[in-house]
2 protein chains.
Amino acid sequence: MLGTPNRNRIAERREATRREILDAAWEVAREQGLSQITLRDVAARVGMQAPSLYSHFASKNAIYDAMFAQAWTECQETILAAEERLAAEGGASKPRAALRVQARTFFDFAVSDLARHQLMNQRTIPGFEPTPEAYAPAVDTLESFKKRLRALGVRRQQDADLCVALIGGLIDAQLANDPGGSRWARLVDRAVDMLANDLGLPQDS
Amino acid sequence: MLGTPNRNRIAERREATRREILDAAWEVAREQGLSQITLRDVAARVGMQAPSLYSHFASKNAIYDAMFAQAWTECQETILAAEERLAAEGGASKPRAALRVQARTFFDFAVSDLARHQLMNQRTIPGFEPTPEAYAPAVDTLESFKKRLRALGVRRQQDADLCVALIGGLIDAQLANDPGGSRWARLVDRAVDMLANDLGLPQDS
DNA sequence: GTCTATAGTTTGATAGAC
DNA sequence: GTCTATCAAACTATAGAC
């Protein structure tokens, strides 16, 4: 009986092909711009003809949708990893250091890939709206952030909103006005401290 | 001799037609999205056929270019008017009130028109880059803002950068997560105060 | 300056053979 | 599941009559 193992192998192969297609789509997005992705271009990079993509994705927007989910999932994993690193160093009890790591990690993640940032945080593709399933990891990431804020004693909705706006503003300014540079990257720590003062967080001991 | 008056009338009529075309383009941008502007659509709204637009603009990007310059010019005029209003009320000597008016005016201007904000502050149209002439009013607006900061004793480049990022972040968060609402609009005054504290501005007397 | 006609491209998506 | 062939639609831009 080799029915089950075969099904697994086939499913794995399918999944691998999907990932190859998404990788190619990210490549195009980074080189040509997010909205400049074409099925022909993506297909060529995985050695296919454009119509073959429809065996793996129902439409072009379905590709954007998978990319959206992928980006937010990866973002959450990156933040989680940074958090665990901080905990291992014993710095998790320092509230300002904890906030600084959150901000820095998210900032670096966003700034390192303009196309990805546009897909995640701006509504730049006409007619594309993420499906609820693709949106879920984005909601999770924000909820995790708010939970961490609560652990620091920051409970009000508007406090979290202010954090989100400030870090997001630094990201957008960096990408728009000094891409590849560090003019706003340098301000992240200062911004977090300003925020921590406003939130009444104690100094780290 | 009616050569000169005729030339004036003709030039005025041309200018009026250009403005009608731009108005129509803004209309399309607000209804369908900035990148969804088509020459057919714009032309139809001014009662023309698409090719006729080429008598007034050299290309589609030339229309975006004129819109870009128009938006920033209007923005600067709006801020200037708000500033003069504050001066008339005798509040110009209060540094925090002055900063608050700047921030609030720019915030309201940006949030009131998503398409305009995208054109002014995001690079969302593939292949469009404003010409130096269209970019000039944007530079002027930023320079004026920095001059006003200097008048308040704020001189470092990074201080202005932080202001720009914070207000920009509030705008983007408002437009992206609560369009038409006021969840981040409510935070503008608080954000300015937080900033003023960080910059060491004295309390208004 | 505006029109009609159309060139010239590009694109997402479908049909059907293999 | 991938291919070839092709559709149907949309768009910017140009040519040339009026």
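Below, read A as the first sequence line, B as the second, and so on, with proteins coming before strands; counting in each chain starts at 1. Keep in mind the model is a prediction, meaning the values are calculated, not measured. In what follows, every heavy atom counts, from backbone to side chain, and hydrogens, waters and symmetry copies are set aside.
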- Task: Mind jotting down which residue pairs meet the ring-ring contact (aromatic ring centres under 6.0 Å, His included) criterion with at least one end in residues 100-132 of chain A? Sequence neighbours excluded, please.
- Result: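 Applying ring-ring contact (aromatic ring centres under 6.0 Å, His included) to every pair that reaches into residues 100-132 of chain A, excluding sequence neighbours, yields A:Y64-A:F128.
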- Task: Mind checking side-chain hydrogen bond (donor to acceptor under 3.5 Å, both in side chains) for A:R156 and listing every partner two or more places apart, or none if nothing turns up?
- Result: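 Once residues adjacent in sequence are excluded, the partners of A:R156 under the side-chain hydrogen bond (donor to acceptor under 3.5 Å, both in side chains) criterion are A:D159.
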- Is any NZ, NE, NH1 or NH2 atom of the basic residue among B:R45 and B:D23 found under 4.0 Å from an Asp or Glu carboxylate oxygen of the other?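 Result for this pair is no, no salt bridge flagged.
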- Residues A:E20 and A:R13 bridged, charged N to O under 4.0 Å: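 A salt bridge links A:E20 with A:R13.
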- Under 4.0 Å: is that the gap between some side-chain N or O of A:R14 and OP1 or OP2 of D:dG1?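 Affirmative; the distance criterion is met.
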- Message: Check this one for me: any side-chain N or O of B:S52 less than 4.0 Å away from OP1 or OP2 of C:dG1?
- Response: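 No, no such contact exists.
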In whole angstroms, how far is the [atom2] atom of [N] from the [atom1] atom of [X]?
X     : N      : atom1 : atom2 : answer
A:F57 : C:dG12 : CZ    : P     : 15 Å
A:Q49 : D:dT4  : CD    : C1'   : 8 Å
B:E12 : C:dG1  : CD    : P     : 14 Å
B:M48 : C:dC3  : CE    : P     : 7 Å

- Item | Contact state string [nucleotides 11-18 of chain D, B base, S sugar-phosphate only, - no protein heavy atom under 4.0 Å] | BBBB----
- Sort and list the pairs that fulfil side chain to side chain donor-acceptor pair (under 3.5 Å) and have at least one residue in residues 135-144 of chain A, not counting sequence neighbours.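 Matches after skipping sequence neighbours: A:Q76-A:S144.
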- Message: Once side chain to side chain contact (heavy atoms under 4.5 Å, CB included) is applied, do any residues pair with A:D108, and if so which ones, sequence neighbours excluded?
- Response: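 Testing A:D108 for side chain to side chain contact (heavy atoms under 4.5 Å, CB included), a comparison that skips the adjacent residues, returns A:R104.
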- Query: Between residues 16-28 of chain B and DNA chain D, which residues have a heavy-atom gap below 4.0 Å?
  - Reply: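 None - not one residue of the stretch has a heavy atom sitting under 4.0 Å from the strand.
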- Message: Does B:G47 reach a base, just sugar-phosphate, or nothing at all? Heavy atoms under 4.0 Å.
- Response: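 Here B:G47 touches the backbone only, sparing every base.
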- Message: Between B:D65 and B:A134 (side chain of the first, backbone of the second, donor and acceptor by atom type, cut-off under 3.5 Å), is there such a pair?
- Response: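 Side chain of B:D65 to backbone of B:A134, a donor-acceptor pair under 3.5 Å: no, none is there.
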- Got A:K94 and A:R100 here, is their nearest side-chain heavy-atom distance under 4.5 Å?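 A side-chain contact under 4.5 Å is absent here.
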